[in-house]
Amino acid sequence: MDKVVSTAAEAVADVPDGATLAVGGFGLSGVPNVLIQALYERGVRDLGVVSNNCGAMESGLAVLLAAGRIARVTGSYIGANKEFARQYLGGELEVEMIPQGTLAERLRAGGAGIPAFYTPAGVGTQVADGGLPWRYDGEGGVALASPAKEVRDFDGTPYVLEHGIRTDFALVRAAKGDRHGNLVFNKSARNFNPLAAMAGRVTIAEVEELVEPGGIDPDAVHLPGVFVQRVVALTAEQAHSKMIERRTVSAPATQGTVRR
């Protein structure tokens, strides 16, 4: 089945207001920027986003966030995104913060058809006991807090029950993909992308390199095409447009210093 769609705009044309999205990437790595931009240009609003973070350096999901298009975020990291923090603390945005490993497993479980699982992460904290602020009232108070979760003992160790995540759509970015939707991710971009792709009922992948079926060694496939419904081939310019979040350099050696 040829799953290639000609443009990103066409690929996201049926994403409605209020849709839930699982979005791959971490920081600036592996973020489906082209698909996110296409959603922004469509003007879609009130989105529920499941992603490790909500964009950085005015890129990725930060584009939708700054435009007020996101209503709820399920994630594990706010980081240096000041607009994310401002909207959350100001009561404009509902945010469910959960441990990063739990988030990854909730996405994977949802995609694998597993409704829930037990994990020790969060036991003895507000993650399990409830009370984490999901929405502030804009005046420093909590308007909506997380509920308590079931905790069960296994062999003398307490575990908290977490539910798998399924979303209406998923947006991911891959280094290589074929027309059947088989995907390969490059290094750290293979973070939340496969998991987000599994969680989406309709998964849309932007790929830096499109190859014909058979062009990817089956042993090299990171995500099989059964999880992908649409593929968008990026232009060379789009594929090579990658920002650097933090530039670091080594201090120059002191004159006369001998390096060994």
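For the numbers below, each heavy atom of this structure counts, side chains included, while hydrogens, waters and symmetry mates do not.
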>> Check this for me: Tyr118, atom OH, are more than 12 non-hydrogen atoms of other residues, nucleotides or ligands nearer than 6.0 Å?
In response: yes

> Just how far is it from atom CZ of Phe26 to atom CG of Asn52, taken to the nearest 0.5 Å?
Replying inline: 4.5 Å

> What pair of heavy atoms forms the shortest contact from Gly214 to Asp178, and how long is it?
Replying inline: N-OD2, 4.5 Å

>> Donor-acceptor pair, distance only, cut-off 3.5 Å: does the side chain of Thr167 make one with the backbone of Ala170?
In response: no

> Between Phe185 and His222, what is the ring plane arrangement, given parallel below 30°, perpendicular above 60°, and tilted in between?
Replying inline: parallel

> If Ile, Leu, Val, Met, Phe, Trp and Tyr residues are connected whenever their side-chain heavy atoms lie under 4.5 Å apart, and connections chain through other members, are Val23 and Val15 in the same group?
Replying inline: yes

>> With rounding to the nearest 0.5 angstrom, report the CD to NE2 distance, Glu208 to His240.
In response: 8.0 Å

>> Could you measure the distance from the CZ atom of Phe227 to the OG1 atom of Thr203? Nearest 0.5 Å is fine.
In response: 9.0 Å

>> Test your reading of the model: is there a side-chain donor-acceptor pair from Asp46 to the backbone of Asp17, 3.5 Å cut-off?
In response: no

> What's the spacing between Met97 CE and Leu103 CG if we round to 0.5 Å?
Replying inline: 9.5 Å

>> When you measure from the side chain of Asn193 to the backbone of Gly30, do you find a donor-acceptor pair of N or O atoms at a distance under 3.5 Å?
In response: yes

>> Test your reading of the model: is there a side-chain donor-acceptor pair from Arg173 to the backbone of Gly25, 3.5 Å cut-off?
In response: no

> Can you hop from Leu171 to Tyr40 via hydrophobic side chains spaced under 4.5 Å?
Replying inline: yes

> Is there a donor-acceptor pair closer than 3.5 Å between any side-chain N or O of Lys149 and the backbone N or O of Ala128?
Replying inline: no

>> Any side-chain to backbone donor/acceptor pair from Glu83 onto Leu65? Under 3.5 Å, distance only.
In response: no

> Are Leu107 and Leu161 co-members of a hydrophobic cluster defined by side-chain heavy atoms under 4.5 Å apart?
Replying inline: no

> Would Ser188 and Ser29 count as a side-chain hydrogen bond (donor to acceptor under 3.5 Å, both in side chains) if you check the C-alpha gap in whole Å, the side-chain angles of each, and the deciding distance to 0.1 Å?
Replying inline: CA-CA 7 Å; Ser188 59; Ser29 176; 3.2 Å; yes

> Say you draw a straight line from CZ of Arg72 to CG of Leu93; how long is it, rounded to the nearest 0.5 Å?
Replying inline: 9.5 Å

> Transitively linked via ILVMFWY side-chain contacts under 4.5 Å: Ile36 with Val50?
Replying inline: no

> Any sub-3.5 Å donor-acceptor pair from Asn33's side-chain atoms to Gly60's backbone N or O?
Replying inline: yes

> Do Val4 and Val226 share a hydrophobic cluster (ILVMFWY, side-chain heavy atoms under 4.5 Å, transitive)?
Replying inline: yes

>> Once rounded to the nearest 0.5 Å, what's the spacing between atom CD of Glu105 and atom CD1 of Ile114?
In response: 6.5 Å

>> Consider side chain to side chain contact (heavy atoms under 4.5 Å, CB included). Of Leu47, Val12, Leu35, which one does Leu21 pass it with?
In response: Leu47

> What heavy-atom pair brings Arg69 and Leu39 nearest, and what distance separates the two atoms?
Replying inline: NH1-O, 4.2 Å

> Quick one: does Ser146's side chain have a donor or acceptor within less than 3.5 Å of a partner on Gly131's backbone?
Replying inline: yes

> Looking only at atom types and distance, does a side-chain atom of Thr20 sit under 3.5 Å from a main-chain N or O of Asp168, one as donor and one as acceptor?
Replying inline: yes

> When you measure from the side chain of Arg166 to the backbone N and O of Met198, does any donor-acceptor pair fall under 3.5 Å?
Replying inline: yes

>> If I compare all heavy atoms of Ala9 with all of Ala38, which pair ends up nearest, and what's the gap?
In response: N-CB, 4.0 Å

